[in-house]
Amino acid sequence: MNPLLSAEQAVLGSVLLDPGQLSHLDWLAPDHFYRPVHRALFAALRKLRDDGHPALAEESVPLSWVTDAVAEASTHVRGLTAVYAHTLISACPRPAHAPVYGRMVLEGAIHRSITEHAIRLHQTARADALQGEVKGTLHYTDVLTGVLSDLAQRWGTEPRPVAPATPPATAPATPPPVRADQVAEDERFLLAILAEQPKAMDEVVGWLRPGDFADPAHGQLYRCLGALHHRGEPIDRITLLWEAQRRGLLADNTLSSDQLTAICDDVGPGSAEWLGELVIRSSVTRTAATSARAIRALAENDALAPGQLINHALHALGPLDEVRTRWQAANGRPAPPPTAPTPSPNGPPPAQAHAALARSTPRPVSPPSARPGSAPTPAAARPPSRGHI
């Protein structure tokens, strides 16, 4: 028999045998039960208790406690009979263990609730990606965060992001981005403008990161642009090709000179800031879908304790929170104040320090090996690449 079903039957059976057990289950709600008939019966038992049923004042539980509970629950659900109520009573080994049975029910509800909200976030992110929007995605991100905080309070744990020891083994493979062709075209057009317009990097360098590009090759090319901009070197198709070669992108076939030439030849009139907003908007929905899939995989792992599940789910939302903050900055919304100290007069100019963000990771608190999109190995550490000019 399913352990969750057994726990639901046991907690109801314990309350039918001993109405006083309800005083130990105030933290358990009817919607924590999976079966509708169990939800209705638990709600009916609590209503009888709140209405002052005579059974609460008697030493031995009268039959009316069971029959009245069945009658009250039957007004909200079909198919409930007194026979099933007695089945629940027989399914309870010890009425005094009601709080333990209730914890099992709550644990199942936590897994189920997180799964449902992760699915909703994933569906909304995919729908927003099709429409080029992020409003629904951000709304359901807030909903999921609130649900995690509420469940943590009910479980009696402090909600805090904690990385799982190992990635979820059941996480499905990442599907191709929604509107992949349009997204790739926007990215190529943006890179062409950044390569051909000297001041274009100033419009996006403060909030756009290499990881925001759906195509990894485009992200690496943007990293090269950020490096040139950071060093204050001229940016054009020749210097960009040279930087790509220095970073080994031509040697390992991440890019080819023909690809780079095609991107630069595709330049036309356009705004780097506007195109950058399109790219980061796509990054928001794509990151939300990835986070939602990871959370769903965690929630479907029945071996994961509720406290761990909640904390791991909050950790999975971390990348989404980070890209959301940058999306807000790109749209002129207030962003959190910088935590870095003000550069000293002898340090790098503020503009260069700001530009360096285009080729650095936005989460310095993580170990280098765990940072997605961390800077590639310096060219000096690679074998020199010859014949690619």
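Atoms considered below: every heavy atom in the structure, side chains included; atoms not considered: hydrogens, waters and symmetry mates.
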Subject >> Residue pair Arg296 / Ile119, side-chain heavy-atom distance below 4.5 Å >> reply: yes
Original post:
Is Leu317 linked to Leu304 within one hydrophobic cluster, defined over Ile, Leu, Val, Met, Phe, Trp and Tyr using a side-chain heavy-atom separation of less than 4.5 Å?
Top reply: yes
**OP:** Check step by step if side-chain contact (heavy atoms from CB on, under 4.5 Å) holds for Val147 and Ser113.
**Re:** CA-CA 8 Å; Val147 166; Ser113 178; 3.7 Å; yes
**OP:** Give a yes-or-no answer on whether the side chains of Asp236 and Thr239 include a donor-acceptor pair shorter than 3.5 Å.
**Re:** yes
Original post:
Nearest heavy-atom pair of Arg112 and Tyr34: which atoms, and what distance?
Top reply: CD-CD1, 3.4 Å
Original post:
Hey, what do you get for CG (Leu28) to CG (Leu106), rounding to the nearest 0.5 Å?
Top reply: 6.5 Å
**OP:** Would you check if the side chain of Thr325 reaches a backbone N or O of Asp321 as a donor-acceptor pair within less than 3.5 Å?
**Re:** yes
Original post:
In terms of side-chain geometry, is the basic nitrogen of Glu322 or Arg326 positioned less than 4.0 Å from the acidic oxygen of its partner?
Top reply: yes
Original post:
Is the shortest heavy-atom distance from the side chain of Leu22 to the side chain of Phe42 under 4.5 Å?
Top reply: yes
Original post:
So, Asp50 and Arg46, do they make that salt bridge, N to O below 4.0 Å?
Top reply: no
**OP:** Carefully, step by step, assess Leu241 and Arg237 under the rule side-chain contact (heavy atoms from CB on, under 4.5 Å).
**Re:** CA-CA 6 Å; Leu241 179 63; Arg237 64 182 65 195; over 6 Å; no
**OP:** Hey, could you give me the NE2/OG1 distance between His111 and Thr115, rounded to the nearest 0.5 Å?
**Re:** 8.0 Å
Subject >> Ala297 backbone acceptor or donor facing Asn301 side chain under 3.5 Å >> reply: no
Original post:
Under the side-chain contact (heavy atoms from CB on, under 4.5 Å) criterion, do Leu208 and Leu190 qualify, and how do the steps go?
Top reply: CA-CA 11 Å; Leu208 192 64; Leu190 171 61; 3.7 Å; yes
Original post:
If only atom types and distance count, is the side chain of Thr285 paired as donor or acceptor with the main-chain N or O of Ser282 below 3.5 Å?
Top reply: yes
Original post:
Are Leu4 and Leu309 linked, directly or through other ILVMFWY residues, by side chains that come within less than 4.5 angstrom of each other?
Top reply: no
**OP:** Using distance alone, with no hydrogens and no angle criterion, decide if Ser256 and Asp258 have a side-chain donor and acceptor under 3.5 Å apart.
**Re:** no
Original post:
What is the minimum heavy-atom distance between Ser23 and Gly20, and which atoms define it?
Top reply: OG-O, 2.7 Å
**OP:** Look at Glu133 together with Arg281 and state whether they make a salt bridge at an N to O cut-off of under 4.0 Å.
**Re:** no
Original post:
Do Ile280 and Arg209 come close enough that some side-chain heavy atom pair is under 4.5 Å?
Top reply: no
Could you pull out every donor-acceptor pair under 3.5 Å between side chains of residues 60-69 and any protein atom, sequence neighbours left out?
residue	atom	partner	partner atom	Å
Trp65	NE1	Val15	O	3.1
Thr67	OG1	Leu63	O	3.3
Thr67	OG1	Ser64	O	3.2
Asp68	OD2	His53	NE2	2.7

Original post:
Which residues pass the side-chain hydrogen bond (donor to acceptor under 3.5 Å, both in side chains) test with Ser283, sequence neighbours left out?
Top reply: Asp212
Subject >> Distance in Å, Glu185 CD paired with Leu275 CG, rounded so as to fall on 0.5 Å steps >> reply: 10.0 Å
Subject >> Side chains of Ser271 and Glu203 in contact at under 4.5 Å (non-hydrogen atoms) >> reply: yes
Original post:
What is the distance from atom CZ of Arg154 to atom NE2 of His32, rounded to the nearest 0.5 Å?
Top reply: 4.0 Å
**OP:** Using modelled atom types only, decide if a donor and an acceptor are shared between the side chain of Ser291 and the backbone of Ala288 within a distance under 3.5 Å.
**Re:** no
**OP:** Using distance alone, with no hydrogens and no angle criterion, decide if Thr137 and Asp128 have a side-chain donor and acceptor under 3.5 Å apart.
**Re:** yes
**OP:** Under the side-chain contact (heavy atoms from CB on, under 4.5 Å) rule, what do Lys47 and Asp51 come out as? Steps first, then yes or no, please.
**Re:** CA-CA 6 Å; Lys47 183 178 185 303; Asp51 292 344; 2.8 Å; yes
Original post:
Should Trp155 and Val162 be counted in the same cluster of Ile, Leu, Val, Met, Phe, Trp and Tyr side chains packed under 4.5 Å apart?
Top reply: no
**OP:** For the residue pair His315 and Pro164, establish whether any side-chain heavy-atom pair is separated by less than 4.5 Å.
**Re:** yes
Original post:
Heavy-atom distance under 4.5 Å between the side chains of Pro99 and Gln21, does that happen here?
Top reply: yes
Subject >> Atom pair CZ (Arg103) and CD1 (Ile110), whose distance is rounded to the nearest 0.5 Å >> reply: 11.5 Å
**OP:** Measure the shortest side-chain to side-chain distance between Leu249 and Leu221 over non-hydrogen atoms and say whether it is less than 4.5 angstrom.
**Re:** no
**OP:** For atom CD of Gln153, decide whether the heavy atoms of other residues, nucleotides or ligands shown that lie under 6.0 angstrom number more than 12.
**Re:** no
**OP:** Give a yes or no on whether a salt bridge exists between Glu243 and Arg246, defined as a side-chain N under 4.0 angstrom from a carboxylate O.
**Re:** yes
Subject >> Glu8 side chain near Arg35 side chain, heavy-atom distance below 4.5 Å >> reply: yes
Original post:
Ile238, Leu260: one ILVMFWY side-chain cluster at the under-4.5 Å cut-off?
Top reply: no
**OP:** For the residue pair Phe33 and His38, categorise the inter-ring angle as parallel (less than 30°), tilted (30 to 60°) or perpendicular (more than 60°).
**Re:** perpendicular
Original post:
What closest approach, in Å, do His122 and Ala289 show between heavy atoms, and which atom pair accounts for it?
Top reply: CD2-O, 3.5 Å
Subject >> Which atom of Arg247 lies closest to which atom of Ala227, heavy atoms considered >> reply: NH2-CB, 3.2 Å
Original post:
Which distance, rounded to the nearest 0.5 Å, do you find between the CD of Glu158 and the OG of Ser149?
Top reply: 11.0 Å
Subject >> Exam field: side chain Glu187 to backbone Ala214, donor-acceptor pair closer than 3.5 Å >> reply: yes
Subject >> Side-chain ion pair, Arg188 and Asp215, N-O less than 4.0 Å >> reply: no
Original post:
What's the shortest heavy-atom distance between Ala272 and Leu194, and which atoms?
Top reply: CB-CD2, 4.0 Å
Original post:
Do other residues, nucleotides or ligands put more than 12 heavy atoms under 6.0 Å from Tyr84 OH?
Top reply: yes
**OP:** Of all the heavy-atom pairs spanning Leu298 and His312, show the shortest one and how long it is.
**Re:** CD1-CB, 3.7 Å
Original post:
Any chance CH2 of Trp27 has more than 12 other-residue heavy atoms, nucleotides or ligands included, within less than 6.0 Å?
Top reply: yes
